[in-house]
Amino acid sequence: MSDPIIYLDNNATTRVAPEVFQAMAPFLTEEYANPSSVYPFAGPAASAIDTARQQMASLLGCQSEEVIFTSCGSESDNAALRSAIKTQNGRRNIVTTCVEHPAILNTCRDLAEYAGAHIDYLSVDSHGRIDLDEAKALITEDTALVSIMFANNEIGNIYPIRELSQMAHAKGALFHTDAVQAIGKIPVDLTNDLKDVDFLSLSGHKFHAPKGIGVLYRRNFAPFTAYLTGGHQEKMQRAGTENVASIAGLGVAAELAAKHIQEENTRVKALRDRLQEGLLATCPDAMVNGDIEHRLPNTLNICFKYIEGESILLRLWDRARVCASSGSACTTGSLEPSHVLRAMGLDYKALHGTVRLSLSRYNTDKDVDTVLEVLPPIIRNLRDLSPFGRD
Ligand code: PLP
């Protein structure tokens, strides 16, 4: 039998929790009715959606009617951005950051090209941090929406959402946050601190629900127009027959997220820290990317100068079946360095040797031990073969 997989790519996607799978199963087998149908056979499907809406609301600290089920984080992001450009009485500006996920960046580009929107991008410093004074200067009476991610998918930085949402409201703009990477990893409570957040996007597959299910939180009475139009589902806010099984699974994943949030910030964080310290101690010319003080507890973005991240990943898989990500996305056959690391001004010798290790509650001490054993010799060996040379 081959060795088990060591899965350290939980910011890409997570495994479905067994409890989630169990909650989904009836709606993929016997309980197949359309939840909008009127006969009693549709009752369990309709009530599964109600229950999941409450479970989700309880995780977020909001009202259940503020939860709109969507197909993914990207759809939720699209819905929030596209709606704001239509509902904000002629305001044409969106303020966002240059380190957002492509779901935001490419939607902004599209709105600029086809809807006359004008986009301002906040810059970041070498640790990926934004400057609140720059944000304050960019948000004006023409700003329809400020959209800032809660936490960054590559480096794990957590952004000051409370302050930014207050700034947006002070200028009469709406505020949206892409919280796809934050949910399940850090507490997100819309009740108190975050009462100026109008819209929030999340995605089930980042916290042990299946792929293809998401939520758009819409604060009660926040101006909104549907992105997907059609039937009456989700109170006319998102058309399409509901994905009942995935919604039921998402509800259970939300309950599990609340139950395990403490563990994410203690045991999982300790595993991440041990990995970080072990690698820094054994690999010369290694550096952690991001804001060490304000970072997701599960994320380690680390660069090993003078070598290629992709070569590291291939060898990690070959030696110990370790799954991780690099700081480069392979697009159309060329290795394009990450827009996040480029925005931080990393020099190319560091940029290309970046690896993201992201953990979950399913990781163990043994996983960390294995990586600490196999990765340093991989780095040494690749450096010996490196075409980059040293400084
Ligand atoms: N936003 C962030 C920050 C993400 O990390 C991702 C996925 O990686 C998305 C949005 C898109 O979510 P989905 O895959 O559900 O469309």
Side-chain angles (χ1 to χ4, degrees), residues 7-16 20 56 67-82 94 96-110 121-122 124 128 130 145-159 161 164 176-186 188 197 199-217 227-228 238 240 243 246-247 249-250 253-254 257 289-291 294-301 323-331 338-341 343 356-360:
Y7 189 74
L8 296 178
D9 204 13
N10 287 278
N11 288 7
T13 198
T14 57
R15 78 183 301 160
V16 171
V20 168
M56 200 68 241
V67 171
I68 305 170
F69 292 114
T70 66
S71 68
C72 58
S74 302
E75 184 193 323
S76 303
D77 286 344
N78 266 268
L81 267 59
R82 292 178 189 281
I94 294 177
T96 186
T97 76
C98 56
V99 293
E100 299 291 315
H101 188 271
I104 296 289
L105 294 177
N106 288 336
T107 305
C108 283
R109 195 176 306 159
D110 191 69
Y121 298 92
L122 291 172
V124 293
I130 60 170
L145 181 77
V146 178
S147 177
I148 315 276
M149 64 197 331
F150 212 110
N152 185 274
N153 43 306
E154 295 190 30
I155 51 178
N157 281 20
I158 299 170
Y159 291 104
I161 296 306
L164 289 158
H176 165 252
T177 182
D178 175 341
V180 165
Q181 292 291 344
I183 301 298
K185 295 173 187 151
I186 50 171
V188 174
V197 171
F199 298 98
L200 174 149
S201 303
L202 64 85
S203 178
H205 74 103
K206 307 293 185 181
F207 61 105
H208 308 290
K211 294 158 192 64
I213 186 70
V215 161
L216 177 65
Y217 158 81
Y227 170 48
L228 214 54
R238 197 275 182 184
N243 181 351
S246 295
I247 291 173
L250 184 68
N289 297 315
D291 183 353
H294 300 102
R295 212 174 21 150
L296 292 173
N298 78 320
T299 305
L300 171 59
N301 188 304
C323 300
S325 279
S326 75
S328 310
C330 195
T331 44
S338 133
H339 68 285
V340 175
L341 301 177
R356 180 189 70 188
L357 303 161
S358 51
L359 290 76
S360 83

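Each ligand, and each atom within it, is numbered from 1 in the order the structure gives. Hydrogens, waters and symmetry mates are skipped; everything else that's a heavy atom, side chains included, is used.
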How far is atom 4 (C) of ligand 1 from the closest protein heavy atom, and which atom is that? H101 CD2, 3.2 Å
Mind checking what makes side chain to side chain contact (heavy atoms under 4.5 Å, CB included) contact with S246, not counting sequence neighbours? M24, P210, I213, N243
Evaluate C72 for polar contact with ligand 1, using N/O atom pairs at a separation under 3.5 Å. no
Sequence neighbours excluded, the answer for side chain to side chain contact (heavy atoms under 4.5 Å, CB included) partners of R15 is H208, Y362
Under 3.5 Å, side chain of Q181 to main-chain N/O of N11, donor-acceptor pair present? yes
So which protein heavy atom does atom 16 (O) of ligand 1 come closest to, and at what separation? S74 OG, 2.6 Å
Is there a donor-acceptor contact under 3.5 Å from the side chain of N157 to the main chain of R295? no
protein heavy-atom neighbour closest to atom 13 (P) of ligand 1 works out as G73 N, 3.6 Å
Which protein non-hydrogen atom lies closest to atom 1 (N) of ligand 1, naming both residue and atom, and how far is it? D178 OD2, 2.6 Å
Would you kindly say whether D77 and S201 are connected by a side-chain donor-acceptor distance under 3.5 Å? yes
Considering H205, K206, Q181 one by one, which has a heavy atom nearer to atom 5 (O) of ligand 1 than any of the others? Q181
Please write down residue, atom name and distance for the protein heavy atom closest to atom 15 (O) of ligand 1. S203 OG, 2.6 Å
Report, in ascending order of atom number, the atoms of ligand 1 lying under 4.0 Å from any heavy atom of N153. 3 (C), 5 (O)
Look at the side chain of S203 and the backbone N and O of K206, then say whether any donor-acceptor pair between them is shorter than 3.5 Å. no
